[in-house]
Amino acid sequence: MAELPNNYFVSAAEIAAKLDLATCIAQQLSLTASNARAVALRAGESAAGFRPLTDFIDRLAEITISSSKTINLLAAGLSQISADRVRSDVVIKHFNAVFEIGKDSIFIGSLGSVFQRSKEKQLKLNNSYKRQIDELSDELTILSNELRNAVILATLSRVEASQAGIQYQEALINVANNVEGAASKIKTNIHYSQQIVSTLKEYLH
Amino acid sequence: MKTHKLFENNSHTWLMFGRDKDKPNEIIDTNQYIVITKNNALLMDPGGIELFSAMLSAVIKQLPADKITHLFASHQDPDIISSLGLWDQALPSAILHSPWIWEGFIRHFGMENITYAPIADEGGSLKLDSATLEYIPAHYLHSSGNFNVYDAEAKILMSGDIGAALESVDAPLFVEDFDEHIGKMKMFHQRWMPSNKAKNDWVQRVRKLNIEMMCPQHGRIFKGDDVQRFLDWFEALEVGIIET
């Protein structure tokens with residue numbers, strides 16, 4: 001395993017912050033769905049095709065919020081494990097220094113069991129770290145795939161908007177733009193998080 | 001790091017560790033003390049993270065690590081106890097004795113294994129095999145919750161920051177010329193000690209103790225008549241001021 005950069009435990013906290021942003025954007029998306037439903041109702045028969053799309057926008061917002069929360073929890077967990085790893089590594093580093101400085105000390109052997117215990121703890125944390133990274137990576141992929149639907153949803157929304165009465169067209173096209181914009185912003189955050197995860201994964205091999 | 005034996009009899013030994021020439025320059029030099037009895041040891045004010053390796057290396061030249069069953073932190077400062085997270089891994093069964101008011105703060109240094117034994121404001125004592133050590137209240141000198149450790153048999157008072165002096169790592173272990181030493185202590189006591197009332201109360205109580213050696217956490221140890229000289233000087237000193 002390659003050596004991790006010193007600030008790697010900050011990276012996990014960064015992912016949590018990015019996903020927090022994604023949650024906020026998804027909450028706005030949910031509001032967009034409510035507004036769209038109201039406009040579609042007012043537009044009557046001419047926007048009949050738009051109404052089912054609002055359910056899909058709602059579903060997309062729900063999935064994004066729920067998945068973002070999961071990823072946020074995983075990232076927060078990873079951040080904690082990373083900080084514990086740093087502490088554990090510091091302990092090992094100090095023990096190694098003692099073994100070097102005090103190698104001729106009569107009682108150096110008395111540190112054997114606590115050193116072993118610290119090594120076991122370090123190994124356990126390393127394994128937890130690997131598991132957490134994998135879970136985080138999988139969850140980011142799932143959310144990223146879900147967001148692909150947003151482009152289709154935005155296109156269909158525009159098509160349906162063009163069928164609605166002239167006074168509702170602008171509002172409905174605005175909904176389509178909001179869906180596309182929100183999805184794009186969330187994707188940027190997801191992509192950034194995936195890049196961080198990919199960097200962190202590199203150090204595991 | 002130097003090790004110096006301060007006292008030894010049939011029941012126990014006092015050692016002082018300090019004058020670490022390998023420590024980073026920006027870090028204040030500290031004195032650490034240990035009392036070793038038949039089956040136990042009390043390590044006092046074990047120091048900061050930066051000193052941990054040097055300190056543990058010095059200790060295991062004298063005794064097995066697992067014989068250190070007790071730690072003492074006079075107060076919460078980083079130079080006193082920021083190494084706790086590391087001792088916690090090295091001495092998982094140890095007990096840390098420290099002022100009750102600092103428990104929630106000191107635990108921030110990392111304490112998963114060690115047990116915290118809070119010392120009440122009025123002090124207390126610790127029996128270590130056949131040796132008895134007393135916790136002498138020294139609140140506001142300088143920390144608001146603060147204790148010294150007194151050993152009546154060895155006539156040693158581990159006085160923490162009281163009597164401390166800011167000196168170089170090659171300074172002698174003992175005060176040789178008290179009047180000359182004042183210049184190294186004055187600012188430290190005036191700036192870090194906030195209360196004349198607390199100071200005078202401490203002086204009155206400590207005057208009743210039989211002290212042959214007064215051992216601060218920084219600087220030199222006071223021996224014999226220099227202990228009384230220190231108490232006289234400290235009593236007359238106005239503290240809680242910034243001298244310009």
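Predicted model only: the values in this text are computed from it and were never measured. Here is the naming used below: chain letters follow the sequence lines, and residue numbers restart at 1 for every chain.
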Q) Can you find a heavy atom in the side chain of A/Phe95 that is under 4.5 Å from one in the side chain of B/Leu86? A) no
(Q) Are the side chains of B/Leu56 and A/His94 in contact, using a 4.5 Å heavy-atom criterion? (A)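 No, their side chains stay 4.5 Å or more apart.
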Counting only heavy atoms from other residues, nucleotides and ligands, does the tally under 6.0 Å from [atom1] of [X] exceed 12?
X        : atom1 : value
A/Lys187 : NZ    : yes
B/Lys184 : NZ    : yes
A/Arg51  : CZ    : yes
B/Lys127 : NZ    : yes
A/Ile106 : CD1   : no
A/Gln195 : CD    : yes
B/Lys155 : NZ    : no
B/Arg107 : CZ    : yes

Q. Is the backbone N or O of A/Ala97 less than 3.5 Å from a side-chain atom of B/Ser53, with the two atoms forming a donor-acceptor pair by type?
A. no
Nearest atoms (heavy-atom pairs only) where [X] meets [Y]:
X        : Y       : value
A/Gly102 : B/Ser57 : N-OG, 4.2 Å
A/Leu111 : B/Ala65 : CD2-CB, 3.6 Å
A/Val114 : B/Pro92 : CG1-CD, 3.6 Å

**Q.** Portion of B/Glu50 that has a non-hydrogen atom of chain A nearer than 4.5 angstrom
**A.** neither
Q) Any idea which of B/Asp66, B/Leu91, B/Ile49, B/Leu63 has the most non-hydrogen atom pairs under 4.5 angstrom with chain A? A) B/Leu63
Q. Quick one: OG on A/Ser105 to NZ on B/Lys61, what's the gap to the nearest 0.5 Å?
A. 5.0 Å
**Q.** Straight-line distance of B/Gln89 CD to A/Ile92 CD1, nearest 0.5 Å
**A.**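 Spacing of CD (B/Gln89) from CD1 (A/Ile92) equals 8.5 Å.
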(Q) Report which part of A/Phe99 has an atom under 4.5 Å of a heavy atom belonging to chain B: side chain, backbone, both, or neither. (A)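 For A/Phe99, neither part sits under 4.5 Å from chain B.
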(Q) With a 4.5 angstrom heavy-atom cut-off, is it the side chain or the backbone of A/Lys103 that approaches chain B, or both, or neither? (A) neither
